[in-house]
Amino acid sequence: MLPYVSNQPLRLSPSRVSEFENCPQLYKYRVIDQLPQPPSLDAERGTLVHTVLHDLFENAPADRTPQSAIELLPSRWQAQMAEKPELMEMVTNEKEWFDRAESLLRTYFTLEDPQSFEATHRELHLENDFSDEIYLHGYVDRLDVAPTGEVRIVDYKTGKAPKPGWEEKALFQLRVYALLYFKTHNVLPRLLQLIYLGDGKVVKSTPTLTDLAATEKVLKRVASDIFASIEKDYWPPKPSRLCDWCFFKSICPAHTS
Ligand code: SF4
């Protein structure tokens, strides 16, 4: 991604929005300053499992089995390491690494039967010129269009489902995708589905036009806050439990001053 240039539209995505909402200072490090970060093993495991679930649908329905998914792991991991050779040193116990990925894939098959449907789109890029100043986009793990025309948007998570009461926050990402799909296809998706492979839970929601209008409002408010931060060069750190996983903790003013 190019560094932010003030006369270009602001690139907004669900992950950028939550990053700014969680901590403006972190957003600055990542998006404005574009400071490099080493790969995280959790994120890389997520990428590996996502790749396998993506490629599984290349198989004929009868061959979409737990075993065929597990057999994809070594070759997809090789390809991932070829792109990021530093991963080779980070994964010291390959058996343990594959066992964990295998367990996540086995959990997937307890939640869905990929032999029973076709995945219409995988890794679908949705985008929209939201306004003269905002370009909104996102990558959808899977978008299924049923023979009836009904649309289901699916996102895989390798972590655990949110605690009761936090589902709405988790659904924001999929509501942004629903909004993007609605703006580009004029079709309101029927179902949003978050599949949590970490604990085998599924969070579902049927979006309404009211939900999409509320999502649009949040996006505009966050964009306006980001523009204000850029203008004032004001990026307050927001310490939270996330700090323990933040690569920039050693240079963050909340922890160094
Ligand atoms: S250490 Fe915490 S407060 Fe500082 S940038 Fe990271 S998340 Fe934000």
Side-chain angles (χ1 to χ4, degrees), residues 1-6 8-50 80 83-84 86-87 89-91 100 104 130 133-139 141 155-177 194 196-199 201 203 215 217-257:
M1 188 175 75
L2 293 170
Y4 176 72
V5 179
S6 58
Q8 289 186 353
L10 179 73
R11 288 173 71 88
L12 215 54
S13 65
S15 54
R16 290 301 180 221
V17 168
S18 52
E19 211 157 62
F20 182 81
E21 293 274 82
N22 286 336
C23 177
Q25 178 70 75
L26 179 59
Y27 177 93
K28 178 179 187 287
Y29 288 145
R30 284 191 179 154
V31 182
I32 305 292
D33 301 341
Q34 307 228 338
L35 298 183
Q37 269 183 271
S40 113
L41 277 185
D42 282 345
E44 295 298 329
R45 188 187 295 106
T47 302
L48 175 61
V49 170
H50 275 72
Q80 206 168 318
E83 271 187 28
K84 287 188 193 170
E86 65 268 39
L87 293 178
E89 286 183 4
M90 290 176 68
V91 175
R100 180 69 188 131
L104 293 167
F130 201 52
E133 296 178 311
I134 305 165
Y135 164 82
L136 181 66
H137 78 123
Y139 288 90
D141 284 346
D155 197 74
Y156 310 118
K157 304 285 185 198
T158 43
K160 292 182 179 171
K163 294 203 168 74
W166 290 88
E167 295 91 344
E168 285 301 298
K169 195 167 184 236
L171 282 164
F172 175 77
Q173 174 195 11
L174 295 197
R175 292 205 175 115
V176 173
Y177 297 155
L194 288 162
Y196 289 91
L197 305 178
D199 57 1
K201 292 189 177 151
V203 173
T215 302
K217 213 168 150 188
V218 171
L219 288 166
K220 286 185 174 156
R221 196 256 306 148
V222 174
S224 154
D225 290 349
I226 294 174
F227 282 126
S229 273
I230 291 170
E231 203 180 316
K232 296 181 212 148
D233 195 17
Y234 176 63
W235 309 97
K238 208 163 153 184
S240 69
R241 285 191 315 144
L242 291 177
C243 297
D244 288 340
W245 290 275
C246 179
F247 175 68
F248 303 108
K249 192 173 177 183
S250 62
I251 57 167
C252 170
H255 298 275
T256 53
S257 52

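Start at 1 and go down the list; that is how both ligands and their atoms are numbered.
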S.K.: In the protein, how many N/O/S atoms are under 2.8 Å from atom 4 (Fe) of ligand 1?
M.R.: 1
S.K.: How close do I134 and A223 get, counting heavy atoms only, and between which atoms?
M.R.: CD1-CB, 3.5 Å
S.K.: Any idea how Y27 and F20 line up, ring-wise: parallel (<30°), tilted (30 to 60°), or perpendicular (>60°)?
M.R.: perpendicular
S.K.: Between CD of Q25 and CH2 of W235, what distance do you get to the nearest 0.5 Å?
M.R.: 9.5 Å
S.K.: Please say whether more than 12 non-hydrogen atoms of neighbouring residues, nucleotides or ligands are located less than 6.0 Å from CD in E231.
M.R.: no
S.K.: Using a strict cut-off of less than 4.0 Å between a Lys/Arg side-chain nitrogen and an Asp/Glu carboxylate oxygen, indicate whether E21 and R221 qualify as a salt bridge.
M.R.: yes
S.K.: side-chain contact (heavy atoms from CB on, under 4.5 Å) with E168: which residues, sequence neighbours excluded?
M.R.: L171, R175
